[in-house]
*Asks:* 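Quick one: this structure, given as structure tokens, is what I'll be asking you about.
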Amino acid sequence: MRTTGLASDEIIALVDCNNFYVSCERVFNPKLDKIPVAVLSNNDGCMVSRSAEIKALGIPMGAPGFKWEAVVKKHGGVLLSSNYALYGDMSARVMEVLSMFSPELEIYSIDEAFLNLGGFRIRNLDQYAEKIRKTVKKWTGIPVSVGISKTKTLAKIANHFAKKVPAFHGSLNLLDDTRIEEALKRTPVGEIWGIGRQYDKFLQQHGIKTALELRDADEKFIDHYMTSVGHKTVLELKGYSCIGMDEAPAAKKGIVVSKSFSKQVTEKAELAEAVSTYITRAAEKLRSQKTVAGHLTVFLNTNRFKEGPQYNNSACTTLVPHTAYTPELIKTALELLEEVWLPGFEYKKAGVMFADIIAEDDVPLNYLETNYLDDKRKDLMGTVDHINRRLGRDTLFYASSGLKKEWEMRRAKLSPYYTTRWNDLPRVK
DNA sequence: TCTGGGGTCCTAGGACCC
DNA sequence: TCTGGGGTCCTAGGACCC
């Protein structure tokens, strides 16, 4: 990441999709408009995206679906299972539209992007922000908010007000010093990007309650009690850009695939199916960024919300040489499972993690004879990945992953795969 | 019945080397 | 008798993000 400490003439826009997952569902199902809608996490667990109507009912982020289902129904609303294939596809469309508005675009998450608007002349920033909003809405159906300021941290704050204050109609330009001060005064310190629960509590105790108070706090105090990250946050609030634009996302340094089961699992055979399935998914990610892993961890958890004996354990091993060859990874993972598994426990979650991830090309030469890149194995993986991409996930799969998958997560309220399956294309009447 | 799943970066402390 | 201290690498754990 590029880091500068100079007072900047940068102009940074943060574009953030409103209630992204809910908005994706609404694009394809207009009946969901104007009623309370929430999208649930894996296993239909917690609410991870809430419509304005859900928020108005006083239902907080992360609320367990089953606790609020009755309330939502009473108000004519619905809860939906998450459909990440759909959201990923919609995200790509939104980002493609955004890339037309700046030569420098950083995709920050599935529903957010930073645009550098500083490098070229824009006659009227407010109109430009409006144009971004309207174009994304028209071409993808997704409503977005636009916040503009001198640094990423300030752009986040601008975006927050753009969303929250109806008078701004979804965009706010926060470049003027007086307006910045006004906004910081109204921003609780815990809402700043980079200030989490721990820092929030600590700062409150020391009488720093707003973003303005943090910006103007004693520098010695900040340096003493906060890390370099906190220091950068304060500089960013002052208008010095410290968090540069990061255009090409770096290859992931760790890959985790872990999911809760739909039921308690006690049989080792079922855990082995889950572990095989997760390894398959994780290895696909590994190969898609042209990397190999040198470290593998397998872990098991019992249900922490349930009374009874708890057991959480993990086992790991190095992979010599680094690899991304699924059959071999499954074999190693199943050996690790033997180490972690204990009979007599009801397991609720399993996961696999790859670490020490390096580029395919960086595998030490002396391993070439045994490297998966060396022989037909890489071609085989390439073919499997290609077929699964074209014909759908798990068209080709590994026998160890099982067929019945009774443990697989629950998605009872799933909407159709509108964008990724022919059979689910919406019909025009 | 039902309580998410990914990630990043930073720091402290131990191991090891000279 | 003498067991310093600096550098580097690794790991675990904390804090944060969406």
Side-chain angles (χ1 to χ4, degrees), chain A residues 1 3 14 16-21 38-50 59-70 72 79-84 87-88 91 106-114 152-153 156 159-160 189-203 224-233 242-244 246 249-264 274 278 281-282 285 289 294-295 297 299 301-307 314 316 318 346 348-357 406 409-413:
Chain A
M1 191 191 312
T3 299
L14 172 65
D16 190 325
C17 301
N18 302 343
N19 326 321
F20 183 55
Y21 300 165
V39 172
L40 302 169
S41 63
N42 287 334
N43 263 316
D44 296 345
C46 305
M47 296 188 198
V48 290
S49 180
R50 299 163 300 149
I59 303 176
M61 185 65 173
F66 73 93
K67 278 193 182 169
W68 292 90
E69 193 155 21
V72 173
L79 301 179
L80 297 168
S81 300
S82 44
N83 183 345
Y84 287 100
Y87 312 148
S91 173
E106 177 188 345
I107 298 172
Y108 180 69
S109 74
I110 195 167
D111 69 340
E112 278 175 76
F114 290 104
K152 284 185 171 178
T153 306
K156 275 267 186 185
N159 190 286
H160 179 79
V189 74
E191 273 176 27
I192 302 167
W193 188 47
I195 304 294
R197 275 223 307 280
Q198 302 300 320
Y199 275 138
D200 183 24
K201 198 172 142 198
F202 173 80
L203 292 168
H224 190 255
Y225 288 107
M226 299 179 80
T227 65
S228 56
V229 179
H231 187 85
K232 276 188 191 173
T233 299
C242 298
I243 307 172
D246 218 355
K252 303 237 179 295
K253 293 172 182 167
I255 290 175
V256 181
V257 175
S258 94
K259 285 175 187 63
S260 300
F261 305 131
S262 55
K263 56 165 195 162
Q264 312 287 336
Y278 300 165
R281 207 63 72 228
K285 287 192 202 176
Q289 55 179 23
H295 195 263
T297 306
F299 64 88
N301 296 156
T302 48
N303 190 346
R304 68 198 152 103
F305 293 102
K306 218 177 148 187
E307 295 277 329
S314 67
C316 60
T318 51
E346 299 192 318
K348 183 60 180 170
K349 181 177 181 179
V352 302
M353 285 190 277
F354 288 138
D356 185 15
I357 293 172
E406 284 173 3
M409 67 179 178
R410 183 181 306 117
R411 290 204 289 175
K413 309 155 191 287

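Residue numbers begin at 1 in each chain, while the letters A, B, ... track the order of the sequences. In what follows, every heavy atom counts, from backbone to side chain, and hydrogens, waters and symmetry copies are set aside.
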*Asks:* So what does Lys67(A) hit on the nucleic acid, given a heavy-atom distance under 4.0 Å: a base, only sugar-phosphate, or nothing?
*Replies:*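 No contact.
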
*Asks:* Okay, side chain of Asp44(A), backbone of Ala412(A): is any donor-acceptor separation there less than 3.5 Å?
*Replies:*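 At least one qualifying donor-acceptor pair exists.
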
*Asks:* Could you check Asn303(A) against Ser260(A) and say which one's nearest nucleotide on DNA chain B is further toward the 5' end?
*Replies:*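 First, find each residue's nearest nucleotide; the 5'-ward one identifies Asn303(A).
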
*Asks:* Output the single nucleotide from dC10(B), dG7(B), dT3(B) whose closest atom is nearest the side chain of Val229(A).
*Replies:*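 So the nucleotide nearest the side chain must be dC10(B).
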
*Asks:* Do any N or O atoms from the side chain of Asn159(A) and from the backbone of Leu14(A) form a donor-acceptor pair under 3.5 angstrom?
*Replies:*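 At least one qualifying donor-acceptor pair exists.
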
*Asks:* Atom NE2 of His160(A) and atom CG of Asp16(A): how far apart are they, to the nearest 0.5 Å?
*Replies:*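 Going from the NE2 atom of His160(A) to the CG atom of Asp16(A) covers 11.5 Å.
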
*Asks:* Please report the distance, rounded to the nearest Å, between CZ in Arg410(A) and C1' in dG4(B).
*Replies:*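 The answer, rounded to whole Å, is 13 Å.
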
*Asks:* Nearest of dG7(B), dC10(B), dT3(B) to any side-chain atom of Ile255(A)?
*Replies:*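 Among the listed nucleotides, the one closest to the side chain of Ile255(A) is dG7(B).
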
*Asks:* Is the distance between the ring centroids of Tyr87(A) and Tyr84(A) under 6.0 Å?
*Replies:*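 That pair passes the under 6.0 Å test.
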
*Asks:* Looking at every strand, decide which applies to Gly254(A) at a 4.0 Å heavy-atom threshold: base, sugar-phosphate, or nothing.
*Replies:*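 It contacts sugar-phosphate atoms only.
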
*Asks:* For dT1(B), take OP1 and OP2 only and decide whether either is under 4.0 Å from a side-chain N or O of Lys306(A).
*Replies:*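 Checking Lys306(A) against dT1(B): no side-chain N or O falls below 4.0 Å of OP1 or OP2.
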
*Asks:* Mind calculating the distance between NZ (Lys413(A)) and C1' (dT1(B)) to the nearest angstrom?
*Replies:*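 Rounded to the whole Å, the gap is 12 Å.
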
*Asks:* Between the side chain of Ser81(A) and the main-chain N/O of Lys413(A), is any donor-acceptor distance below 3.5 Å?
*Replies:*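 Flag set: sc Ser81(A) to bb Lys413(A) pair under 3.5 Å.
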
*Asks:* Any strand counts, and the cut-off is 3.5 Å on both contacts for Watson-Crick or G-U wobble. Which nucleotide pairs with dC18(C)?
*Replies:*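 Paired with dC18(C), as far as the under-3.5 Å criterion goes, is dG5(B).
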
*Asks:* Distance check: side-chain N/O of Lys285(A) vs OP1/OP2 of dG7(B), anything under 4.0 Å?
*Replies:*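 Result: yes.
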
*Asks:* Here's one to test your reading of the geometry: is the NZ or CZ of Lys349(A) within 45 degrees of the ring axis of Phe261(A) and under 6.0 Å from its centre?
*Replies:*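 Cation-pi check for Lys349(A) and Phe261(A): fails.
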
*Asks:* Given atom CZ of Phe20(A) and atom C1' of dG5(B), what is their separation to the nearest angstrom?
*Replies:*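 Phe20(A) atom CZ is separated from dG5(B) atom C1' by 17 Å.
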
*Asks:* Could you give the distance separating dG4(C) and dC16(B) at their C1' atoms, to the nearest angstrom?
*Replies:*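 Comparing C1' positions in dC16(B) and dG4(C) gives a spacing of 15 Å.
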
*Asks:* Write out a two-atom table: protein N or O, nucleotide N or O from nucleotides 15-18 of chain C, distance below 3.5 Å.
*Replies:*
residue, atom, partner, partner atom, Å
dC16(C), OP1, Gly196(A), N, 3.1
dC16(C), OP1, Gly196(A), O, 3.4
dC16(C), OP1, Gln198(A), N, 3.4
dC16(C), OP1, Tyr199(A), N, 2.9
dC16(C), OP2, Arg197(A), N, 3.4
dC16(C), OP2, Gln198(A), N, 3.1
dC16(C), O5', Gly196(A), N, 3.4
dC17(C), OP1, Gly194(A), N, 2.7
dC17(C), OP1, Ile195(A), N, 3.3
dC17(C), OP1, Ile195(A), O, 3.4
dC17(C), O3', Trp193(A), NE1, 3.4
dC18(C), OP1, Lys156(A), NZ, 2.7
dC18(C), O3', Ser109(A), OG, 3.2
dC18(C), O3', Asp111(A), OD1, 3.1
dC18(C), O3', Glu112(A), OE2, 3.0

*Asks:* When the P atoms of dC18(C) and dC2(B) are considered, how many whole Å apart are they?
*Replies:*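 These two P atoms come out 30 Å apart once rounded.
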
*Asks:* Look at all strands and tell whether Asn42(A) reaches a base, only sugar-phosphate, or nothing, counting heavy atoms closer than 4.0 Å.
*Replies:*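 If one applies the 4.0 Å heavy-atom cut-off, Asn42(A) turns out to touch the sugar-phosphate alone, with no base involved.
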
*Asks:* How close or far is atom P of dT1(B) from atom NZ of Lys348(A), stated in whole angstroms?
*Replies:*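 Answer to the nearest Å: 13 Å.
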
*Asks:* Taking only the side-chain heavy atoms of Pro64(A) (C-beta and beyond), determine which of dG7(B), dT3(B), dC10(B) contains the nearest atom.
*Replies:*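 So the nucleotide nearest the side chain must be dT3(B).
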
*Asks:* To the nearest Å, give me how far apart NZ (Lys201(A)) and P (dG14(C)) are.
*Replies:*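 Nearest whole value for this atom pair: 15 Å.
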
*Asks:* Provide, to the nearest angstrom, the distance between the CZ atom belonging to Phe305(A) and the C1' atom belonging to dT3(B).
*Replies:*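 It is 4 Å, rounded to the nearest whole Å.
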
*Asks:* Step by step, would you call Lys263(A) with Glu346(A) a salt bridge (charged side-chain N to carboxylate O under 4.0 Å, His left out)?
*Replies:* CA-CA 9 Å; Lys263(A) 56 165 195 162; Glu346(A) 299 192 318; over 6 Å; no

*Asks:* Mapping Lys252(A) and Ser262(A) onto DNA chain B by nearest heavy atom, which one lands closer to the 5' end?
*Replies:*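 By nearest-heavy-atom nucleotide position, the 5'-most residue is Ser262(A).
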
*Asks:* Can you tell me if Arg304(A) touches the phosphate of dG4(B), counting only side-chain N or O atoms and a distance under 4.0 Å to OP1 or OP2?
*Replies:*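 True: Arg304(A) side-chain N/O within range (under 4.0 Å) of dG4(B) OP1/OP2.
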
*Asks:* Take the protein atom CE of Met353(A) and the nucleotide atom P of dT11(C), then report the distance between them rounded to whole Å.
*Replies:*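 Spelled out: CE on Met353(A) to P on dT11(C) is 13 Å.
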
*Asks:* Give the rounded distance in Å between these two atoms: OH of Tyr21(A) and P of dG6(B).
*Replies:*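 These atoms are roughly 11 Å apart.
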
*Asks:* Look at the side chain of Asn43(A) and the backbone N and O of Gly45(A), then say whether any donor-acceptor pair between them is shorter than 3.5 Å.
*Replies:*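 Absent.
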
*Asks:* What is the nucleic acid contact for Lys253(A), judged by heavy atoms within less than 4.0 Å: base, sugar-phosphate only, or nothing?
*Replies:*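 Touches sugar-phosphate only.
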
*Asks:* Please tell me if Ser82(A) has a side-chain N or O lying less than 4.0 Å from either OP1 or OP2 of dG4(B).
*Replies:*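 Checking dG4(B) against Ser82(A), no side-chain N or O comes under 4.0 Å of OP1 or OP2.
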
*Asks:* Main chain of Leu40(A), side chain of Ser82(A): is a donor-acceptor contact present, judged purely on distance under 3.5 Å?
*Replies:*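 Yes, because the side chain of Ser82(A) sits within donor-acceptor range (under 3.5 Å) of the backbone of Leu40(A).
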
